[in-house]
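Accompanying notes for the structure given below.
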Amino acid sequence: MMMKRYLPHPLLSLALLIVWVFLVNEVSAGAIVFGAILAVIIPLITASFWQDRPKVGNVIAICEYGLVVLWDILVANVIVAGLILFRKAESLETKCVVVPLDLTSPEAITTLAGTITMTPGTVTIDLSADAKSLLVHCLHAPDAQGVIDDIKDRYERRLKEIFE
Amino acid sequence: MSLTLIVLLPFIGAVLPAIMIRAGRNACAIATGSVTLLALILLMAKAPAVIGGEVFQVSYDWLPELGLNVTFFLDGLGLLFATLILGIGLLIIIYARFYLSKDDPMGRFYVFLLLFQGAMVGIVLSDNILLLLVFWELTSLSSFLLIGYWKHLPEGRQGARMALAVTGGGGLAMIAGMLILGNIVGSYDLSVILQNADMIQASPMYVPALVLILLGCFTKSAQFPFHFWLPHAMAAPTPVSAYLHSATMVKAGIFLMARMWPVLSGTPEWFYIVATTGLVTMVLGAWIAIFKHDLKGLLAYSTVSHLGLVTMLLGFGTPIAAVAGVFHIINHATFKAALFMTAGIVDHETGTRDIRRFGGLINLMPIAGTIGIISAASMAGIIPFNGFLSKEMMLEEAWHTVWMDQSWFMPVLATIGAIFSVAYSFRFIFHVWLGKPRDENLPHHPHDPPFGMWAPPAFLTILVILIGLFPAAIAGPIVAATSAAVIGGALPEYHLALWHGLTPALGMSIIAIVVGAVLLMRHGSLLSATANLSRPDAKAMFDCGMAKLVTVTRFATEKLHNGSLQRYLAITIFAAIAIGLTGFYAEPDHTAGTRELLAVSPAAAIGWVLLVVTCLAAVVMHHNRLLSLLLVGVIGLIVSLGFIYLSAPDLALTQISVEVVTVILMLLALNILPKETPKESLAGRKMRDGVISIAAGLGIGSAIWAIMTRELPNSISAFHLANSKTEGGGTNVVNVILVDFRGFDTFGEIIVLGIAALSIFALIETVSGSEAAKRLASWVVKNRRSADRHPMMMVIATRVMLPLSLMVGVYIFLRGHNEPGGGFIAGLVVSVALVMQYMASGFGWTQNRMKVRYHGMIGLGVIAAAITGASAWVAGLPFLTSGFVHVHLPIVGEFELASAMGFDLGVFLTVVGAVMLALAKLSQVERMAEHADINRHPMDYDPSVQTTTPEKEA
Amino acid sequence: MEFLVASSIGLLTTCGTYLLLRGRTFPVVVGLALLSYAVNVFLFAMGRLTINMPPILREGVTEYTDPLPQALVLTAIVISFGMTALIVVLSIRAFLEIGNDHVDGRPVGEPSEAGDKN
Amino acid sequence: MGDWIVVPIVLPAVVAALIVLAVRHDIVLQRIFSITSTLALVAISLVLMIFASTNAPEMYALSDWPAPFGIVLVLDRLSAMMVFLTSVLGLGVVLYSSSEWDKRGKHFHALFQFQLMGVNGAFLTGDVFNLFVFFEVLLIASYGLMLHGAGAERLKAGMQYVVVNLTGSSLFLVGVGMIYSVTGTLNMADLAIQVANIAPGDAAILRAGGLILLLVFCVKAALVPIHFWLPGTYANAPAPVAALFAIMTKVGAYSVLRVYTLVFGGTAGDMAWLAEPFILPAALITVTVGMVGVVAAKRLNSLVAFSVIGSMGTLLTAIGLFTPEGISAGLYYLLHSTFSAAALFLIADLVVSRRGQYGDSLHTAPVFHQSGFLAVLFFIGAIGMAGMPPISGFIGKLQILNAARDGDTMIWVWSVILVTSLICIIGFGRAGSVLFWKSASVQGEIVVEDANWPVLPIVAACGMLGCMIALTVFAGPISAYLNGVADQLFDTSQYIRAVLGDGALAQFGQ
Amino acid sequence: MIDYALNFGFICVSLALLMNLWRLTIGPTTADRILAVDTMTINAIALLVMYGIAKGTSMYFEGALLLAMFGFVSTVAYCKFILRGDIIE
Amino acid sequence: MPFIVELIISLLIVIGGLFLLIGSFGMLKLRELLPRLHAPTKATTVGVGGVLIASMLFFWVERGHFTIHELLITLFLFLTAPITANLIAKAYMLLNVDPHTDLPPSEQNEGWATFDPVGPEGYDPSEEYEEKES
Ligand code: NA
Ligand code: NA
């Protein structure tokens with residue numbers, strides 16, 4: 001009970017503690033103690049701005065997702081660089097594709113949209129008003145359905161695991 | 001002491017009528033009269049001694065540095081004038097009690113009258129010419145009030161203003177003259193000045209001083225060519241005319257000439273200026289008086305003429321002429337005051353002052369008629385009245401006087417003046433009192449006035465007769481005493497008597513009376529003969545002059561202050577360039593610096609190109625306001641990078657933080673303001689502005705170039721660097737300077753921010769009910785707008801960023817003393833984090849979750865800073881003295897606690913409070929324009945909450 | 001380097017001044033912003049230019065840039081920020097109250113042309 | 001006096017903060033706080049002035065850093081007098097506004113106290129950059145106060161006021177920067193020493209910087225041709241604020257006096273009397289422009305505003321002589337013109353508020369309530385402003401004329417001051433005649449909501465007039481004090497000794 | 001070697017900045033301009049980090065951090081301005 | 001400093017710089033905003049990432065302690081880049097794109113958020129403007 005009251009979001013607090021250590025750029029007892037204090041206080045102060053935070057389970061899933069995304073970013077960036085450098089602008093098959101969503105948590109949808117943007121070749125440019133589809137712009141997508149499937153399979157599936 | 005009291009009594013007593021008027025008109029008049037009476041008694045108590053040759057003096061320090069002291073003295077001249085002022089003043093007070101109607105505010109009248117009286121007494125008793133100037137100008141002011149007493153009459157108002165302008169202006173000239181006089185002698189005390197005639201007349205500044213002083217005298221005494229104001233001042237109630245314009249104020253100029261006679265007279269300059277002016281005034285005034293149909297106008301010009309006469313006598317510069325002048329002053333005061341009062345009676349009883357409507361009034365008003373006729377006869381110089389005596393003396397002196405080697409000139413003109421004088425005096429007698437009534441339909445049916453009204457003139461008329469019959473006995477002593485004072489030496493041989501034998505003067509007198517009578521008989525034909533002569537109308541000229549003055553000043557002022565900020569700024573900037581260049585090139589002593597220059601790195605060069613292009617783009621494209629905002633943001637970015645490059649991390653951080661808040665602010669503003677700046681500058685204007693701007697840029701650029709290329713002299717900052725760590729407890733010297741070495745600057749700086757926020761709050765809070773509110777109410781959103789107010793992705797992202805940003809804020813705050821950072825930047829970081837919430841999740845939702853009041857934060861911040869500063873007092877140290885300790889805690893380790901941190905906390909709180917208050921308040925205007933309600937939910941639609949019914953926008 | 005900084009300050013001043021002399025509030029505000037950049041850099045540069053010598057005391061380092069102008073510029077930045085905020089709000093308020101954003105001496109209440117509407 | 005020297009700055013700041021923090025919703029409490037604080041300021045500053053009149057200048061080292069490294073405050077005759085003047089004026093203003101004005105907008109009292117803080121700080125500080133900071137404090141507070149209650153004309157004028165002063169602030173920094181760049185110091189006493197010993201090759205930069213700074217001060221002092229902000233601002237500011245602004249122009253004059261006698265004064269070697277060639281001619285033109293504007297005015301408030309320009313010109317004429325006599329005379333006139341401007345603005349407001357829809361336009365309107373009483377006040381105020389006796393303005397002008405009598409410039413000073421006095425008299429005469437006399441000939445009645453006798457405003461307005469009368473009556477002792485001020489200003493070693501000690505004086509070569 | 005790399009990096013970023021500037025000035029849409037400024041900010045961050053490496057100091061880290069935070073906020077503000085006019089509603 | 005570390009750092013810097021350049025180049029080269037959006041949002045982010053990692057490595061090796069705060073900047077950029085891209089795209093679409101002809105339908109009950117507010121009937125924001133005019 002006390003725990004819940006004073007540490008409503010342990011994960012957030014942990015993240016903040018890490019951020020603090022990042023910031024002060026040293027892993028010392030002083031830094032951690034002070035960071036821990038802040039990590040408790042700041043979520044308390046800001047609790048009202050994020051009242052129903054999603055339950056996020058499975059740290060392993062999160063890590064897995066993170067690594068996948070990171071890898072995709074690295075790889076696909078090279079491809080985009082190639083497209084930019086070596087393809088004539090007119091020859092790019094840019095198009096908008098619609099990705100229907102199964103996710104309902106705003107946090108999850110936002111993460112997915114962000115992932116899509118950060119992985120090259122695609123940018124989430126809009127969301128349907130009822131948050132049930134994403135509008136994704138592809139820089140060069142001869143196969144639109146492939147893109148959609150890729151998104152749903154690689155990212156949405158994993159996010160579903162994390163957020164539900 | 002009692003001398004001072006004589007002067008002060010009227011001033012002190014001036015409150016009495018204001019109070020006593022509540023007790024009734026009689027009480028008011030009695031109170032006023034008793035003040036004057038008391039002063040008069042005090043004066044009379046000294047009269048015998050003064051006539052005996054004694055001089056009373058009293059002196060108090062007022063402003064000794066300047067030589068302005070309260071010094072009074074009473075000699076014969078002072079006595080004469082003070083007696084006239086107080087004596088006739090008393091009569092006037094009585095007369096006015098009956099003259100003023102029930103509708104006239106009598107209390108006010110008496111207040112003004114007493115003020116005037118005090119000022120006049122002050123003039124004649126002052127022994128210090130600066131003090132005299134004080135009273136001199138006071139008479140101008142109080143007479144302004146008296147002349148304008150009947151404020152509903154346009155003539156009164158205009159006359160008052162004209163009198164003020166002329167006499168006030170003359171007074172200002174006299175100030176200059178008196179200061180010169182004082183400068184020559186080395187003292188402003190009259191008694192000293194009067195001893196130094198030789199020194200004054202030998203001084204090269206004698207003529208300027210003389211002219212300036214005479215300007216004061218001539219304006220006050222209505223001498224040609226300043227005579228024009230006096231008749232217009234006749235719009236005043238008759239008691240005022242009688243008092244000011246016959247007996248007292250106009251004689252102030254005469255008094256001063258008499259007062260200064262010993263030191264100023266006797267030179268050719270004096271003679272030609274004063275005597276000629278007097279002569280011209282005498283003749284001209286008398287000539288005009290003949291044709292005046294207004295009773296008071298006639299008397300007014302006759303006064304001008306008589307003042308000219310006295311002036312001329314004083315101008316002769318001979319002792320005997322001075323005696324004649326003094327004597328005429330007395331005589332004129334008696335008959336002219338009586339005449340004015342009589343005129344007032346006529347006006348009062350008949351309801352008109354037009355001479356053409358009178359005739360035979362003596363039958364209806366025998367008492368007034370008798371008084372009037374006797375007084376007028378005296379004015380005409382008819383034996384045996386007093387006017388005859390002094391006129392004879394005048395003619396006698398004129399006979400002896402040679403003007404520009406012409407011995408005929410003075411006698412002839414003096415005789416002509418006398419002829420005219422007889423003519424208008426007879427006109428007063430024959431056209432008003434005698435003969436047949438010319439108008440049966442006078443506004444009122446005239447009869448003799450009450451005793452109170454005719455007694456004062458009657459008393460004066462008795463004096464007219466008595467002095468005429470027994471001049472030596474009645475007027476002799478005072479004339480002697482006065483003349484002695486005027487001449488400042490031995491009295492000449494003279495006899496005050498009706499009969500001096502068959503003198504040239506008698507002949508001239510007789511000619512005057514005969515020719516004058518003939519003139520009057522021919523009055524009608526004279527009138528028609530002169531009707532076509534173009535006479536300069538002084539009033540029209542004055543009015544025209546004033547109108548021209550107003551037009552010209554208005555034109556100049558409006559042309560100069562055309563309300564265009566552009567002009568004001570252009571001039572200011574131009575002035576800055578000009579004065580800077582003047583300073584720089586005042587002497588050719590500038591040497592170029594020898595400091596070694598830094599090498600240009602490629603990055604720096606590119607940064608420079610970026611800046612140049614962006615700046616130029618910002619000017620070229622400034623019509624697109626959003627774009628210019630973006631460009632300014634880029635400039636800010638480059639400047640920040642420049643600061644970092646040039647070893648100023650704190651500056652960079654601050655610039656970056658300030659930049660974003662400014663952008664937000666400007667965007668909020670731009671939503672209301674037009675999005676485009678129309679192209680409306682003309683080519684010429686662009687050219688002008690371009691030249692000014694380039695000059696400014698070149699100036700500043702060259703200045704900083706000159707500075708940067710030379711070595712920095714020993715700077716106080718060496719001390720800051722040396723002591724920052726050891727004494728200030730911080731390694732970030734900039735921060736230690738801000739919170740410690742120059743913490744007071746920072747104290748002021750946060751207050752600036754706080755004030756800015758409070759002012760912004762006030763500016764927007766007062767929108768309601770104003771024109772602005774109406775505009776906002778009818779505001780039409782013309783831009784195409786996105787359908788979602790609060791995009792979901794952004795809401796989520798900012799939720800994550802809020803705690804992160806707060807963390808960063810704390811970090812920046814804590815490290816400020818030793819590393820780049822500090823309370824200000826931390827405050828901006830936190831503010832921006834909060835603003836992000838407002839932007840993403842909407843004002844309503846966010847505001848509902850804010851638990852602090854921004855106002856309070858500002859106040860608290862300032863107080864925190866002040867308390868930190870004041871806590872040093874406890875230790876007996878000056879405000880803002882900082883202290884620091886190194887604290888050791890288990891686990892945490894050692895850290896430093898500096899009082900400067902408390903100060904920085906104040907900075908932090910103020911910044912957050914100020915920024916948030918300003919932004920929150922500004923966004924209120926936007927909402928008024930949007931006609932939108934504040935939102936209760938952070939997102940437009942939350943897909944995880946299925947029960948939420950989607951809401952349409954309001 | 002000094003020349004780049006001097007010319008930048010000069011250019012910022014020129015551009016700022018030119019905009020300051022326009023007849024509407026917004027360019028005036030922008031001009032003031034540019035001018036305050038110029039002045040801040042000017043004030044900063046009066047301590048002379050140095051590279052990589054920030055005034056943060058370090059063991060063994062003896063050469064630092066002049067910290068005082070930096071502190072002064074910081075104060076100046078904060079103050080001009082407050083001033084900018086105020087003038088921005090003032091320009092809105094004045095625009096709403098007067099109905100136009102002229103600063104060229106046009107009398108209050110005089111109708112404004114099309115460009116004035118939002 | 002130790003810590004008391006900083007109190008005139010800290011006290012209003014804290015009171016303002018308290019008002020904002022605790023009582024911003026309660027106007028009565030705000031008034032109590034504000035008036036009490038101002039009364040305390042009057043008392044404290046009186047004590048400071050009495051102290052200063054009998055003691056050598058005293059320094060107060062903020063943060064306990066020795067001069068010239070930290071910021072110092074300096075209490076001498078001049079600063080003490082200016083602080084006292086501010087407090088007394090402030091008391092009048094706060095009393096005046098506490099009846100009704102303070103409710104027309106928000107945060108009046110907080111801004112007012114901050115304004116006092118800024119003005120006092122500017123007077124007390126001995127550091128040029130700190131002077132800049134206090135300039136900004138007093139300016140931004142004045143922006144807030146000027147815009148109090150808003151209104152189209154006021155906003156328009158406010159815009160100009162703010163922009164011109166922001167430009168001025170930029171120039172201030174440029175000037176300070178140039179001076180620092182060749183002297184390496186910001187402390188005024190230290191500057192005096194450094195300027196006297198300036199390297200010859202640096203002199204041109206220093207001169208240019210010094211003169212740009214002079215221009216900035218003269219912007220505040222409303223010297224022609226950089227006076228343009230004043231007529232609109234003063235004429236459109238809320239009356240009590242306009243009255244308070246009477247001290248704002250004096251801050252400019254004060255700064256000229258301080259910096260150009262101490263730093264660029266007689267001991268400055270090649271830089272001696274740097275401001276001298278500029279002030280006097282500009283001041284004479286200023287008098288003319290101001291008084292011409294008085295005649296030209298179509299509105300009462302603008303008439304008073306232009307008369308303020310004229311009075312600033314007169315004041316700077318005296319200062320521009322740069323002689324002890326001139327400065328002493330100028331300071332007397334400074335005291336006088338502060339009160340007379342304040343009094344006139346307050347009286348004008350009383351008149352305007354009773355003229356209903358006729359406002360302050362100088363056109364004939366029917367008689368208004370308390371017209372007679374206000375006519376008396378206006379008359380006294382006007383003769384004060386025009387320099388007619390017996391009010392202090394006359395004495396002030398006499399002193400100025402007297403001080404100018406030995407110089408080559410006498411003919412100019414005398415003729416300009418005397419002729420403009422006449423113009424001013426004519427202008428005020430016309431205005432008074434229209435307002436108080438001509439109304440008698442107009443039928444009808446002006447109906448205003450509140451025709452009662454407003455006690456506090458009348459007390460305040462009469463108080464300002466009373467101060468002028470006190471200046472007149474006690475002209476002797478006041479002038480003696482002012483001579484002391486001038487002596488201190490001319491004997492800069494007193495100031496330098498107080499700030500830097502005797503050692504610095506040796507370096508100074510005295 | 002790192003020095004050469006850094007010089008290369010500086011040149012790259014500088015060129016990138018110039019390209020951003022070009023996009024900023026030619027537009028054509030406001031969105032393009034916002035994009036250009038946003039990219040500029042990111043390039044500036046990289047420039048700062050590289051500069052830190054070059055000078056062997058982490059003094060400029062906070063500058064980069066704040067640029068990252070505030071660059072975002074101002075971009076968002078510009079976009080919201082175009083999207084809704086009122087950025088805080 | 002070991003050569004290999006130096007090499008890695010140098011490479012990271014060079015790659016980072018190149019990506020930054022490519023990102024900006026792409027933004028210049030591509031024809032329309034939406035394609036342009038791809039270049040900076042990603043290439044630059046990766047570029048900065050590379051430089052940041054180089055910095056971490058550099059200080060780790062050079063100074064002997066592992067500096068991690070660079071990660072924070074990366075975190076911020078990753079967090080913000082998608083939002084930026086999304087908003088810029090929305091801003092662009094609002095003014096330059098016709099949702100009916102240029103965009104695929106959302107295949108849901110509601111249209112794209114930029115153009116259709118939440119609710120049963122979709123509507124054009126320009127109508128809102130028309131209504132308020134009248
Ligand atoms: Na700091
Ligand atoms: Na981004």
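Note on naming: letters A, B, ... go to the chains in the order of the sequence lines (proteins, then strands), and numbering restarts at 1 for each one. These numbers were taken from a predicted model, which means no experiment stands behind them.
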Contact class of [X] relative to chain B, heavy atoms under 4.5 angstrom:
X        : result
D:Leu145 : neither
D:Ala297 : backbone
D:Ile426 : side chain
D:Phe108 : neither
D:Leu398 : both
D:Ala110 : side chain
D:Leu155 : side chain
D:Phe69  : both
D:Val292 : both
D:Thr185 : both
D:Val289 : side chain
D:Pro200 : backbone
D:Ser328 : neither
D:Leu111 : side chain

Would you say [X]'s side chain and [Y]'s backbone share a donor-acceptor pair under 3.5 angstrom?
X        : Y        : answer
D:Trp229 : D:Gln160 : no
B:Arg567 : B:Leu560 : yes
D:Lys298 : B:Arg554 : no
B:Arg157 : B:Lys151 : yes

At a 4.5 Å cut-off on heavy atoms, which part of [X] comes close to chain D: side chain, backbone, both, or neither?
X        : value
B:Ile737 : neither
B:Met178 : neither
B:Ala865 : neither
B:Leu138 : both
B:Met162 : neither
B:Tyr188 : side chain
B:Glu587 : both
B:Glu558 : side chain
B:Ala872 : neither
B:Ile573 : side chain

Most heavy-atom pairs under 4.5 angstrom with chain D, which of [options]?
options                                : result
B:Leu153, B:Leu860, B:Leu66            : B:Leu66
B:Gly699, B:Gly563, B:Gly743           : B:Gly563
B:Leu164, B:Asp740, B:Asn714, B:Leu569 : B:Asp740
B:Ile707, B:Leu549, B:Ile180           : B:Ile707
B:Asp61, B:Ile175, B:Thr910            : B:Ile175
B:Gly593, B:Ser770, B:Ala586           : B:Ala586

Does [X] reach the side chain of [Y], with side-chain heavy atoms less than 4.5 Å apart?
X        : Y        : value
D:Ile205 : B:Arg710 : yes
D:Asp127 : B:Arg742 : yes
D:Met178 : D:Leu206 : no
B:Ser882 : B:Val739 : no

Assess the pair [X] and [Y]: is the distance between their ring centroids shorter than 6.0 Å?
X        : Y        : answer
B:Phe144 : D:Trp437 : yes
D:Phe132 : D:Phe135 : no
B:Tyr585 : B:His590 : no
B:Phe744 : D:Phe134 : yes
D:Phe306 : B:His561 : yes

Please step through side-chain hydrogen bond (donor to acceptor under 3.5 Å, both in side chains) for the pair D:Asp190 and D:Gln194, ending with a clear verdict.
CA-CA 6 Å; D:Asp190 196 27; D:Gln194 303 303 334; 3.2 Å; yes
Find the one option among [options] whose heavy-atom pairs under 4.5 Å with chain B are most numerous.
options                               : value
D:Leu73, D:Val163, D:Ile478, D:Val216 : D:Val163
D:Asp270, D:Leu214, D:Leu215          : D:Leu215
D:Thr183, D:Val14, D:Ile19            : D:Thr183
D:His148, D:Gln115, D:Lys438          : D:Lys438
D:Val219, D:Val419, D:Ile9            : D:Ile9
D:Ile71, D:Ile226, D:Val20            : D:Ile71

Once you measure the plane-to-plane angle for [X] and [Y], does it fall in the parallel (<30°), tilted (30-60°) or perpendicular (>60°) bin?
X        : Y        : result
D:Trp65  : B:Phe741 : tilted
B:Tyr568 : D:Phe228 : parallel
B:Phe747 : B:Phe879 : perpendicular

Nearest 0.5 Å please: distance from the [atom1] atom of [X] over to the [atom2] atom of [Y].
X        : Y        : atom1 : atom2 : value
D:Leu418 : D:Leu401 : CG    : CG    : 5.0 Å
B:Asn183 : D:Asn402 : CG    : CG    : 7.5 Å
D:Ile417 : D:Met291 : CD1   : CE    : 9.0 Å

